[in-house]
Amino acid sequence: MLELRSLTKKFDRTIAVNKLDLACKQNEFLVIFGPAGAGKSTTLRLIAGILEPDSGEVYFNGANLKNVPPERRNMSMAFENYALYSHLSVYENLAFPLRAKKFNDQDIRTRVQEMAAILQISELLERRPGFLSGGQRQRVALGRALIRDAAVYLLDEPISHLDAKLRNRMRGELKAVCAHKEATVVHVTHDYREAMALSDRMTVLNKGRIMQLGSPDDVFHRPANEFVAGFVGDPPMSFVDAEYIEQNEKPQFRLAQKDMHIPAHAEIRAYVKENGLPKSFKIGVRAKDIAITSSQDDIHHVAAEVFVTEKMGYQNILIAHIGQTQIRVITPPKVAFNSQDTVWLNLDESNVHVFADGNAVLHPKREIKLSTNSI
């Protein structure tokens with residue numbers, strides 16, 4: 001439906017979007033996720049026609065939009081900086097897109113009231129934007145974008161300025177509204193929880209290039225490279241430098257501390273035989289996948305020194321050091337260790353991701369367990 005082909009945009013010597021190829025299906029909620037400066041908002045403005053690409057094309061239903069102005073693209077956009085009409089009330093700001101489409105007064109009133117109720121701004125309809133908080137203005141901007149029917153909705157960080165409680169609620173409301181409208185949405189965010197919760201598919205962008213495109217499950221559990229693995233998730237994935245060796249004909253990794261070894265999967269041996277040793281191996285592991293004990297055994301065989309414990313109430317995040325490498329472990333709230341304690345971690349082929357020269361070569365095999373009570 002919506003397709004970007006080799007889309008490129010430069011600002012002076014900075015390449016904001018670099019030969020971007022991306023397609024959004026009809027009725028799909030596609031999230032563009034990445035850090036500040038990744039080119040997310042620029043991509044959205046190129047789709048809307050607000051910016052012109054230096055090269056490449058935007059296609060919609062097979063038609064090139066090169067010479068189609070923004071107002072004729074049938075796309076509705078919510079800007080991060082609100083872009084509200086300061087001299088109009090909230091009601092009139094919401095009604096403005098409908099008046100432009102010649103809706104009658106009764107239909108306008110109905111739609112405005114419905115949208116205001118969803119966004120929890122019904123009591124603000126008579127106010128002007130200057131008398132609203134930043135979060136309230138952002139909700140008005142989001143409502144103005146969603147209130148009219150459009151072929152594509154372009155949402156630029158539409159709930160980023162809301163407080164945490166309202167942002168969590170609005171994620172569900174936004175997903176529900178877009179599903180009810182059977183909308184095609186391209187949504188930009190730097191919040192991985194927002195990206196995971198909202199998207200049918202998500203693309204991870206960095207320095208104007210796509211790092212990975214896939215379902216939230218794929219991106220989280222099977223990251224394509226170190227950047228995606230370290231950027232998607234909280235706490236972020238921990239990485240440990242590793243050297244591939246074979247000891248007693250068994251494939252192993254030797255960690256940063258040279259006297260520490262962990263088993264390597266047979267697939268790594270096959271990879272090395274086919275490709276040769278890479279410049280660097282790294283093993284990555286998510287905090288939730290690491291088990292920890294106070295004493296060594298056959299499973300917990302990697303020693304680490306506790307640095308600090310972050311107490312979150314429902315869990316603790318323990319930060320420890322393996323040599324000079326920092327690693328994070330999630331523990332139950334009642335499990336606590338003191339600074340400089342020695343703890344033992346389980347790192348083996350069942351719970352680690354393996355990266356060679358920055359790219360993923362192996363992910364843990366996932367077992368999906370269903371509770372009999374939930375069936």
Side-chain angles (χ1 to χ4, degrees), residues 192 220-248 250-269 271-272 277-312 315-366:
Y192 100 92
F220 186 84
H221 293 289
R222 291 172 288 278
N225 51 52
E226 282 182 44
F227 175 84
V228 175
F231 191 67
V232 177
D234 185 20
M237 184 179 289
S238 300
F239 299 97
V240 180
D241 291 324
E243 177 188 1
Y244 177 80
I245 62 172
E246 293 193 10
Q247 194 171 60
N248 299 326
K250 294 182 179 179
Q252 294 190 349
F253 284 120
R254 181 162 53 191
L255 304 186
Q257 290 176 295
K258 297 185 181 298
D259 59 340
M260 298 175 62
H261 300 73
I262 64 171
H265 199 281
E267 290 182 31
I268 300 301
R269 172 188 279 167
Y271 174 88
V272 170
L277 284 171
K279 293 180 180 178
S280 65
F281 265 121
K282 284 190 179 181
I283 61 171
V285 59
R286 295 204 180 276
K288 67 179 183 62
D289 294 329
I290 305 175
I292 183 172
T293 66
S294 58
S295 58
Q296 184 179 15
D297 56 33
D298 291 340
I299 298 175
H300 305 84
H301 42 63
V302 175
E305 182 181 288
V306 176
F307 175 59
V308 69
T309 299
E310 299 175 348
K311 296 184 178 181
M312 313 299 289
Q315 66 182 25
N316 293 337
I317 301 175
L318 182 145
I319 302 175
H321 288 143
I322 301 175
Q324 300 300 313
T325 302
Q326 194 174 87
I327 194 164
R328 288 174 171 82
V329 184
I330 289 178
T331 69
K334 294 184 179 180
V335 175
F337 296 94
N338 297 318
S339 178
Q340 299 184 333
D341 281 353
T342 297
V343 292
W344 296 87
L345 314 177
N346 71 324
L347 299 179
D348 57 37
E349 65 267 27
S350 68
N351 66 349
V352 301
H353 304 253
V354 181
F355 302 87
D357 294 336
N359 295 312
V361 296
L362 184 68
H363 299 298
K365 303 295 187 292
R366 294 180 60 215

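Only a predicted model underlies this, so the values are computations on that prediction, with no experimental measurement involved. Keep in mind that the numbers below use all heavy atoms, side chains included, and drop hydrogens, waters and symmetry copies. Numbers here are sequence positions counted from 1.
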So does [Y] get a backbone contact from the side chain of [X], meaning a donor-acceptor N/O pair under 3.5 Å?
X: D357; Y: S280; result: yes
X: H363; Y: P223; result: yes
X: N225; Y: F227; result: yes
X: D348; Y: S350; result: yes
X: N316; Y: A336; result: no
X: N346; Y: A291; result: yes

Atom [atom1] in [X], atom [atom2] in [Y]: separation rounded to 0.5 Å?
X: K282; Y: H353; atom1: NZ; atom2: NE2; answer: 15.0 Å
X: E243; Y: R254; atom1: CD; atom2: CZ; answer: 4.0 Å
X: L345; Y: I322; atom1: CG; atom2: CD1; answer: 5.5 Å
X: R328; Y: E310; atom1: CZ; atom2: CD; answer: 6.5 Å
X: K365; Y: H221; atom1: NZ; atom2: NE2; answer: 14.5 Å
X: I292; Y: F337; atom1: CD1; atom2: CZ; answer: 4.5 Å

Report the C-alpha distance between I262 and I283 in whole Å, list the side-chain angles of each, state the deciding distance to 0.1 Å, and finish with yes or no for side-chain contact (heavy atoms from CB on, under 4.5 Å). CA-CA 10 Å; I262 64 171; I283 61 171; 3.5 Å; yes

If you look at every heavy atom in [X] and [Y], which pair is closest and at what distance?
X: G230; Y: P236; answer: O-CB, 3.3 Å
X: P251; Y: H265; answer: CG-O, 4.3 Å
X: I299; Y: H301; answer: O-CD2, 3.1 Å

Got I327 and I290 here, is their nearest side-chain heavy-atom distance under 4.5 Å?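 Yes - at least one pair of side-chain heavy atoms lies under 4.5 Å apart.
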
Validation row: P235, I330 side chains within 4.5 angstrom (heavy atoms) =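 In short, these two side chains touch, coming nearer than 4.5 Å.
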
**Item:** Residue pair H261, I245: steps toward the side-chain contact (heavy atoms from CB on, under 4.5 Å) verdict
**Value:** CA-CA 9 Å; H261 300 73; I245 62 172; 3.2 Å; yes

**Asked** So among F281, F239, F253, which one has a ring pair (Phe, Tyr, Trp, His ring centres under 6.0 Å) with F355?
**Response**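 Going through F281, F239, F253 one by one, the ring pair (Phe, Tyr, Trp, His ring centres under 6.0 Å) with F355 is satisfied by F239 alone.
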
Fill in: Residues, nucleotides or ligands: over 12 heavy atoms within 6.0 Å of Q324 CD
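Open: at most 12 neighbouring heavy atoms sit under 6.0 Å from CD of Q324.
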
query = After noting the C-alpha distance and the side-chain angles of E246 and R269, does the key distance pass the side-chain contact (heavy atoms from CB on, under 4.5 Å) rule?
reply = CA-CA 9 Å; E246 293 193 10; R269 172 188 279 167; 3.4 Å; yes

_Worked verdict on I268 versus V361 for side-chain contact (heavy atoms from CB on, under 4.5 Å)_ = CA-CA 8 Å; I268 300 301; V361 296; 4.0 Å; yes

Q. For the residue pair Y192 and F220, does the interplanar ring angle fall in the parallel (under 30°), tilted (30 to 60°) or perpendicular (over 60°) class?
A.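 Parallel, since the angle between the ring planes stays under 30°.
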
*Is the distance between the ring centroids of Y244 and Y271 less than 6.0 Å?*
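No, ring centres 6.0 Å or more apart.
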
